[in-house]
2 protein chains.
Amino acid sequence: MTNYTEKLRNSGLRPTKQRLQICEVLFDTEKTFHFTINELEQKIKDKTNNKISLATVYNTVHAFEKKGYLKQIPINSDQTYFDTNVTDHHHFYDLNEEKLIDLENSDVGPISIKRKINGKKIKSVEVLVKLED
Amino acid sequence: MTNYTEKLRNSGLRPTKQRLQICEVLFDTEKTFHFTINELEQKIKDKTNNKISLATVYNTVHAFEKKGYLKQIPINSDQTYFDTNVTDHHHFYDLNEEKLIDLENSDVGPISIKRKINGKKIKSVEVLVKLED
DNA sequence: ACACTTATTTAGAATCATTATAAACTACGA
DNA sequence: TCGTAGTTTATAATGATTCTAAATAAGTGT
């Protein structure tokens, strides 16, 4: 159980009850994980017996994303997927089961990007490997 | 001006007026391009002075995708992006301008995926390089 | 060309994720 | 404790996408 109050305050976010609870659900875990907003809402209900408004869940997730505590996973789905693993890493996407699987950085060889765009710098390089049966 | 009638028939799709017009807009071009459904609808209006129902545009795009004439670009956006370039290739995504830019295969070094999932085979490997100012 | 079956198109309704609204509430510094 | 700015909330609004069911067009056999 980490103390998230400081972490939030340091990023200019007030440590409200709701945000602290969401922090626990998101970050008090051994492993990082992927989720949609709806899955997160369910997890919160399960873990805290405490309903947080859907609007707040959206607000908080977006605030955390902006601060770099979460990131969106670029994938075509009707729902947006987020990842608590904010390090640069890659994914398998199982097309048949519609499931995302993290790849370790050591699972993918180095990637060299040879082209440059003037005035732009590379923020991230992510690989999506689609799998089928 | 290619003849798309055969192409459609060969894939089990009836060559209707609407589908042929959409083919012209999508494939009668020097270069491949990216589009959303709304952009495509606009392009059709501009090029053919002929309104095609939005439902038909959706149906057709999905049919073409299933047949492999189009593919979705995995990116987090409120609208789905499609690409007329169906070869395996990579993208820059300019975060500031929210614009996609194709990368040539020669712009990216070879990518080795070292991990395997039992019973699954790799369908595609795509890199998304996010750019910022 | 005709009749018949099946695919396709269409407008409009329905769905569903996400965002906006605006009123009530809360954190926090003075 | 007060005041203010930030948050939460229920609910409404938005907007992309899908569904529906009726009208139309294409393909097939005669």
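In what follows, every heavy atom counts, from backbone to side chain, and hydrogens, waters and symmetry copies are set aside. Protein chains get the first letters and strands the later ones, always in sequence-line order, with residue 1 at the start of each.
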inquiry  = Show, in sequence, the C-alpha distance, side-chain angles and deciding distance for Glu126(A) and Lys71(A), and conclude whether the salt bridge (Lys or Arg N to Asp or Glu O under 4.0 Å) test is met.
reply    = CA-CA 12 Å; Glu126(A) 290 172 289; Lys71(A) 65 177 188 181; 3.4 Å; yes
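For the pair Lys123(B) and Tyr93(A), the cation-pi criterion (under 6.0 Å, within 45° of the ring axis) is not fulfilled.
Rounded to an integer number of Å, the gap from CZ of Phe35(A) to P of dT18(C) is 11 Å. As rounded to whole Å, 16 Å separates atom P of dA17(C) from atom CG of Asn76(A). Following rounding to the nearest Å, Ile22(B) (CD1) and dT8(C) (P) show an atom-to-atom distance of 13 Å. Residue Gln21(B) contributes atom CD, which lies 14 Å from atom C1' of dT8(C) at whole-angstrom precision. Atom CG of Leu8(B) and atom P of dG27(D) are 10 Å apart (whole Å).
Side-chain atoms of Thr56(A) do not come within 3.5 Å of backbone N or O of Ile52(A) as any donor-acceptor pair.
Legend: residues meeting salt bridge (charged side-chain N to carboxylate O under 4.0 Å, His left out) with Glu104(B), ordered by chain and number and at least two apart, are absent. In terms of the side-chain hydrogen bond (donor to acceptor under 3.5 Å, both in side chains) criterion, residue partners of Asp94(A) (sequence neighbours excluded) are, by chain and number, Lys120(B).
Among Phe33(A), Phe82(A), Tyr69(A), the single residue meeting the side chain to side chain contact (heavy atoms under 4.5 Å, CB included) criterion with Leu26(A) is Phe33(A).
Contact check, Arg9(A) against dC28(C): a side-chain N or O comes under 4.0 Å of OP1 or OP2.
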task = For nucleotides 6-24 of chain D, just jot down a letter per nucleotide in 5' to 3' order: B, S or -, based on protein non-hydrogen atoms under 4.0 Å.
result = SSBBB-----SBBB-----
